[in-house]
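First comes the structure, then the notes that go with it.
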Amino acid sequence: MTAPRDLVATAIRDALRRAATDRGWTGADVAVDVERPADPGHGDYASTVALKLARPLRKSPREIAEEIRSRVATGDGIAAVEVAGHGFINVRLDTSWLARQVDDIVSAGTDFGRLDALKGQRIQVEFVSANPTGPLTLGNARGGPLGDVLSSLLAFAGAAVTREYYVEDGGTQVKHFGESIAVRYRQLLGENVELSPEGYPADYVKDLAAQIKQRDGDRYRSLSLEEQGKIFAKIGIDWVVEDAQRVMAKLGIRFDEWFRQSSFIESGYFQKTIDDLRRMGRLVDRDGAVWFDAPEMPEDKEGWVVIRSNGDPLYLGTDIAYHRLCLFERGFDKKIDVWGANTHYHLVQMKVALAAFDIDERRWEVVLYQYVRFLNEGVIQRMGKRTGQFLLLEDVLDAVGVDATRFFLLQRSADAPLDFDLELAVQQSNDNPVYYVQYAHARIASIFRTAAERGLTVDGADVSALTSPAELDLVRLCLRFPELVAEVLEHKGVHLFTSYALELAGAFHSFYRDNRVVDEGDVPRSKARLRLVQAVQVALRQTLGLLGVSAPEKM
RNA sequence: GGCCCCGUAGCUCAGUGGAUAGAGCAGCAGCCUUCGAAGCUGUUGGUCGGGAGUCCGAAUCUCCCCGGGGUCGCCA
């Protein structure tokens, strides 16, 4: 089906081209976009192209608009074109054409809004990727729905998407984690040892130590702390990853790949990347460490460490190798990372480093989201596994449910920080806007149940009976879904789907109040309206589907 | 101090170049013998942090300032 916006844009584009030829305009070769006017009195779509052409053509916008307007072909969906204001070209759609879209929406079904813009592209979306040193917190979780919905959207646009969780099972934090378990283990064996300042104080570390002691007893007693740490870190990471898989599934997210850092350390790919960088003259040795030389960043004249003086690879070093691996060896056309905003400087470093490998910058994108903070006894706090201050994702899921959690995390723009008050969330979970949307969907399902009880079906519906402003406005709103898909694909603001879902649900609830759908006294109208609400249900289902929120038949 | 994000109604936030700036919550006044009241209708509420600039047009872009958060480590 042709999207109305494209239909209108094409018609105006053609009219402009004809006007330019007829009048001998030069410099009129500009992009023609149409938008939805805020005021419905201004029609269904409006173009500001005449305003933009006023200066290059040295003519009044109204004059240009008039030349274009008189050449726009009406019929085929377009009912009327008029010039308004300073030179807006307002277009009104043909209402019978609009009504016919209802049939197209319903028959499109799960394909409604689908695109093939990204067909043939292999895209990896990497998200969450929390340090594997503890259970997932609500802070880690924010990237979950963001990355998941972005992945769904890209797939909806035709891409072959891989959802990837990067498990950083090496490095300093993992070492601290393992040794923290070892300290707790030793304490259980009666030794008088204390956690180091870098250690992890949280209870799950004690639980892990207890599990190890219960299973293996004191067989690690004679090992050094470092040796114990190595063994326990492995056990700990396996436990954390398994737990993360379980909780992510609970959040409705299924990753295609849990990709371990150790895999490319062991394969030698990390070393190969270091060797190549050295050959390219991008590395210098200083103080026993290996530094990436970044003359592009004069304020960081020392460069950045990629291998520590103790020989351990550092975050930046492994991440360079990891990204190179994804973009050059693993066959992804594009990698999109969903990262917390605290990594923004890492992003700057990575851009410089990957440029050294001539990676086309369009092949790598980062979506940064602001941090989640939480309210603890009325005080706002940052979450951190190392501080032992956090709110577990699983606790939130158990308290407020998966749909409400997802919707809550998706409602705000990634650029906006998010404060979370668990007590308030539990108390208000019934007020969560997600139920408003789901209720609209369930209500429509209920209408169909009622219709069936009264012997009415949608079969043979003639949508030309849909002529009232209320009915047509509902169609217009449904038709906005495909436009929104295209917009979000361009700007990545997946939170806009929640706004749209709320708006569509609200429009339906109002319609429902004022317009009886099932009316045995007027079967043709009932059938047409059943078809209409079916289209609304399709649009709602498509939106909720992208958001990963269920669309219940009953609540 | 450098860099990133934010500042919009009492509160939480949408809107990022178009015409008269929106929603939810909170407040106030109403609506269930009629397809689900987890709903609906009406109403109160704004120097879009401040200033300058660009533009036919700025909440939106640029610059300066103010306020809040983040980050600048041989942590990730």
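Chain A is the first sequence line, chain B the second, and so forth, proteins listed ahead of strands; every chain is numbered from 1.
B:rA23 and B:rA9 are spaced 14 Å apart, taking the P atom of each and rounding to whole Å. B:rG1 and B:rC65 have their P atoms separated by 9 Å, given to the nearest Å. B:rC48 and B:rG15: their C1' atoms are spaced 11 Å apart (whole Å). If you take atom C1' in B:rU47 and the same atom in B:rU43, they sit 24 Å apart, rounded to whole Å. For B:rG2 and B:rC64, the P atoms lie 10 Å apart once the distance is rounded to whole Å. Rounded to whole Å, the separation between the C1' atoms of B:rC56 and B:rC61 comes to 16 Å. Separation of the C1' atoms belonging to B:rC4 and B:rA37 is 46 Å when rounded to the nearest angstrom. Only the P atoms considered, B:rA14 is 11 Å distant from B:rU8, to the nearest whole Å.
A donor-acceptor contact shorter than 3.5 Å is absent between the side chain of A:K335 and the backbone of A:E365. A distance-only check finds a donor-acceptor pair linking the side chain of A:S526 to the backbone of A:V517 [under 3.5 Å]. At distances below 3.5 Å, not a single donor-acceptor pair connects side-chain atoms of A:H176 with backbone N or O atoms of A:G199. For the pair A:S180 (side chain) and A:Y200 (backbone), a donor-acceptor distance under 3.5 Å is present. At least one donor-acceptor pair closer than 3.5 Å links the side chain of A:W291 to the backbone N or O of A:R286.
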Dump every N/O contact between nucleotides 41-45 of chain B and the protein below 3.5 Å, one line per pair.
from: B:rU41; atom 1: OP1; to: A:S510; atom 2: OG; distance (Å): 2.7

Write down the protein N/O and nucleotide N/O pairs, taken from nucleotides 20-26 of chain B, whose separation is under 3.5 Å; answer none if there are no such pairs.
from: B:rU20; atom 1: O4; to: A:D39; atom 2: OD2; distance (Å): 3.4

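Atom P of nucleotide B:rC35 and atom CZ of A:R531 are separated by 24 Å, given to the nearest angstrom. Atom pair A:R142:CZ and B:rC5:C1' shows a separation of 11 Å (rounding to whole Å applied). If you measure from atom CG of A:N131 to atom P of B:rA76, you get 8 Å, rounded to the nearest angstrom. In this structure, A:L504 places its CG atom 15 Å from C1' of B:rG39, rounding to the nearest Å. When rounded to the nearest whole Å, the span between CD of A:E126 and P of B:rA76 equals 15 Å.
Syn is the glycosidic conformation of B:rC32, whose angle stays within 90° of 0.
Taking only side-chain atoms of A:R449, from C-beta outward, the nucleotide of B:rG36, B:rA76, B:rC35 with the closest atom is B:rG36. Closest to the A:V518 side chain, of the nucleotides B:rG36, B:rC35, B:rC75, is B:rC35. Nearest to the side-chain atoms of A:A289 among the listed nucleotides B:rG36, B:rC74, B:rA76 stands B:rC74. Among the nucleotides B:rG70, B:rA38, B:rC74, the one closest to the side chain of A:Y435 is B:rA38. Of the candidates B:rA14, B:rC35, B:rA76, the closest approach to any side-chain atom of A:L314 belongs to B:rA76. The side chain of A:Q370 has B:rG69 as its nearest neighbour among B:rG69, B:rC56, B:rA14. Nearest to the side-chain atoms of A:R373 among the listed nucleotides B:rA14, B:rA37, B:rG69 stands B:rG69. Taking the side chain of A:R412 as heavy atoms from C-beta on, and the options B:rC13, B:rG36, B:rC75, the nearest nucleotide is B:rC13. When each of B:rG39, B:rG69, B:rA19 is scored by its nearest atom to the side-chain atoms of A:Y439, the top-ranked nucleotide is B:rG39. The listed nucleotides are B:rC40, B:rU71, B:rC74; the one nearest the side chain of A:R308 is B:rC74.
Contact check, A:T450 against B:rC35: no side-chain N or O comes under 4.0 Å of OP1 or OP2. A:H495 has a side-chain polar atom (N or O) that falls below the 4.0 Å cut-off from OP1 or OP2 of B:rG15. Between A:R516 and B:rU34 there is no side-chain polar atom (N or O) within less than 4.0 angstrom of OP1 or OP2.
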Go through the steps for A:Y166 and A:Y322 under the test ring-ring contact (aromatic ring centres under 6.0 Å, His included), then give the verdict.
-> CA-CA 9 Å; A:Y166 178 46; A:Y322 172 53; 3.9 Å; yes
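A:N432 contributes no side-chain N or O that forms a donor-acceptor pair with the base of B:rA38 under 3.5 Å. One donor-acceptor pair, N or O on each side, does fall under 3.5 Å between the base of B:rC3 and the side chain of A:H344.
Within 4.0 Å of A:N90, counting heavy atoms only, lies at least one base atom of the nucleic acid. Residue A:A440 is out of contact with every strand shown, counting any heavy-atom pair closer than 4.0 Å. The residue A:A54 sits apart from the nucleic acid: no heavy atom pair falls under 4.0 Å. Residue contacts shown for A:A451 are absent, as no nucleic acid heavy atom lies under 4.0 Å away. Here A:G171 lies in heavy-atom contact (under 4.0 Å) with sugar-phosphate atoms only. No engagement by A:H491 is indicated, since no non-hydrogen atom pair under 4.0 Å with the nucleic acid exists. Residue-level contact check: A:T172 touches the backbone only, with heavy atoms under 4.0 Å from sugar-phosphate atoms and none from bases. Within 4.0 Å (heavy atoms only), A:D312 reaches no atom of the nucleic acid at all. Base contact: A:T48 has a heavy atom under 4.0 Å from a base atom. Here A:T498 lies out of heavy-atom contact (under 4.0 Å) with every strand.
One side chain, A:T172 or A:R308, offers a donor N or O that lies under 3.5 Å from an acceptor on the other. Checked by atom type, the side-chain pair A:S262/A:D169 shows a donor-acceptor distance below 3.5 Å. Donor-acceptor pairing under 3.5 Å is lacking for the side chains of A:D415 and A:Q370.
Between A:Y165 and A:F255, the ring center distance clears the sub-6.0 Å criterion. Annotation: A:H346 is in aromatic contact with A:W339 [ring centroid separation under 6.0 Å]. No close placement of the A:Y435 and A:F407 rings is indicated, their centers lying 6.0 Å or farther apart. The six-membered or imidazole ring of A:H42 lies away from that of A:F88, with a centre-to-centre distance of 6.0 Å or more.
Here A:E361 does not pair with A:K351 in a salt bridge; the nearest charged N to carboxylate O distance is not below 4.0 Å. A salt bridge does not link A:R69 with A:E82: every distance from a Lys NZ or Arg NE/NH1/NH2 to an Asp or Glu carboxylate oxygen is 4.0 Å or more.
Remark: A:R443 is positioned above the aromatic ring of A:Y512, its terminal NZ or CZ atom under 6.0 angstrom from the ring centre and at most 45 degrees off the axis.
Heavy-atom nearest nucleotides on RNA chain B were determined for A:I447 and for A:P417, and the one closer to the 5' end corresponds to A:P417. Mapping A:L368 and A:L316 onto RNA chain B by nearest heavy atom places A:L368 at the nucleotide closer to the 5' end.
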Symbol by symbol from the 5' end, with Watson-Crick or G-U pairs under 3.5 Å, [ ] crossing and | another strand, RNA chain B is (((((((..((((....[...)))).(((((.......))))).....(((((..]....))))))))))))....
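With centres under 5.5 Å and a plane angle under 30°, the ring of A:Y512 is stacked against the base of B:rC35.
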